[in-house]
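Report on one structure; see the data block that follows.
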Amino acid sequence: MTRPSLLFVCLGNICRSPMAEGAMRVAAREAGLELEIDSAGTGAWHVGNPPDSRAIATARDKGVDISGLRARQVETEDFIRFTHIFALDAQNLSDLRRLAPAHATAEFGLLLDMVPGREGQAVADPYYGADDGFEVTWRDVSDAAAALARRFTA
Ligand code: 4NP
């Protein structure tokens, strides 16, 4: 079996998807899973930038350092290189469907579809909201990471 490789995709790749990447790296390590893990954005505004300082602070508070990550935009190659692509919200998913080449091999879907009882829900964008939005984001992406670790362990 090819080693699973997971790509998390949001809009800017500076808030939700780098937090998902960080949470998944920890969940995979704790579960002893060898997964390739990355994140990207559908938009290009923040390419090359580190995660938002609020995202870095929230992750650091949970013991996870995401400060070294740098934003990048989704590329055509990602649809071949990764086995699974997880969109953080429905708009991200619809953008992925539009960007996917005909020869895409990755499975893609909504991240919270992986969490029992949360199917169809979005990881809300915390960018323009209050700081505590990042706590909600962390909880959502951690729940998803735990569910994914179980799925790839089974
Ligand atoms: P993200 O949050 O998609 O979770 O990284 C956003 C970051 C930046 C913008 C929007 C959402 N922006 O419009 O610049």
[atom1]-[atom2] distance between [X] and [Y], expressed to the nearest 0.5 angstrom:
X   : Y    : atom1 : atom2 : result
S53 : F134 : OG    : CZ    : 7.5 Å
I80 : H103 : CD1   : NE2   : 4.0 Å
R25 : L33  : CZ    : CG    : 13.5 Å
I56 : M19  : CD1   : CE    : 10.5 Å
R16 : W138 : CZ    : CH2   : 15.5 Å
R72 : N13  : CZ    : CG    : 7.5 Å

Pick one: which of L148, L35, L6 meets side chain to side chain contact (heavy atoms under 4.5 Å, CB included) with H84? L6

Give me the atom names and distance for the closest heavy-atom approach of [X] to [Y].
X    : Y    : answer
A149 : A31  : CB-CB, 4.2 Å
P18  : P51  : CB-CG, 4.0 Å
A100 : A104 : CB-CB, 4.4 Å
S39  : E21  : OG-OE1, 2.7 Å
V64  : G22  : CG1-O, 3.8 Å
C15  : P126 : CB-CG, 4.1 Å

Check the pair L88 / V141 against side chain to side chain contact (heavy atoms under 4.5 Å, CB included), numbers first and verdict last. CA-CA 9 Å; L88 279 278; V141 299; 4.1 Å; yes

Backbone N or O of [Y] within a donor-acceptor pair of the [X] side chain at under 3.5 Å?
X    : Y    : answer
Q73  : T42  : yes
Q121 : E119 : no
N92  : D89  : yes
D78  : E75  : yes

Give a yes or no on whether [X] and [Y] share a hydrophobic cluster (residues Ile, Leu, Val, Met, Phe, Trp, Tyr; joining criterion: side-chain heavy atoms under 4.5 Å apart).
X    : Y   : result
L93  : L7  : yes
V123 : V9  : no
I66  : V47 : no
I37  : F82 : no
V136 : L11 : no

Evaluation steps, side chain to side chain contact (heavy atoms under 4.5 Å, CB included), between T83 and S5: CA-CA 5 Å; T83 58; S5 48; 3.7 Å; yes

Give a yes or no on whether a salt bridge exists between E36 and R3, defined as a side-chain N under 4.0 angstrom from a carboxylate O. no

Test item: T137 and T58 side chains (from C-beta on) under 4.5 Å apart, heavy atoms: no

Kindly indicate whether the side chain of D140, heavy atoms from C-beta on, has any atom under 4.5 Å from the side chain of R118. yes

Just distance, no hydrogens or angles: give the donor-acceptor pairs under 3.5 Å from side chains in residues 105-115, sequence neighbours left out.
| unit_1 | atom_1 | unit_2 | atom_2 | d |
| --- | --- | --- | --- | --- |
| T105 | OG1 | F79 | O | 3.4 |
| D113 | OD1 | G120 | N | 2.6 |

Check the pair D61 / E135 against side chain to side chain contact (heavy atoms under 4.5 Å, CB included), numbers first and verdict last. CA-CA 10 Å; D61 198 47; E135 288 291 329; 4.2 Å; yes

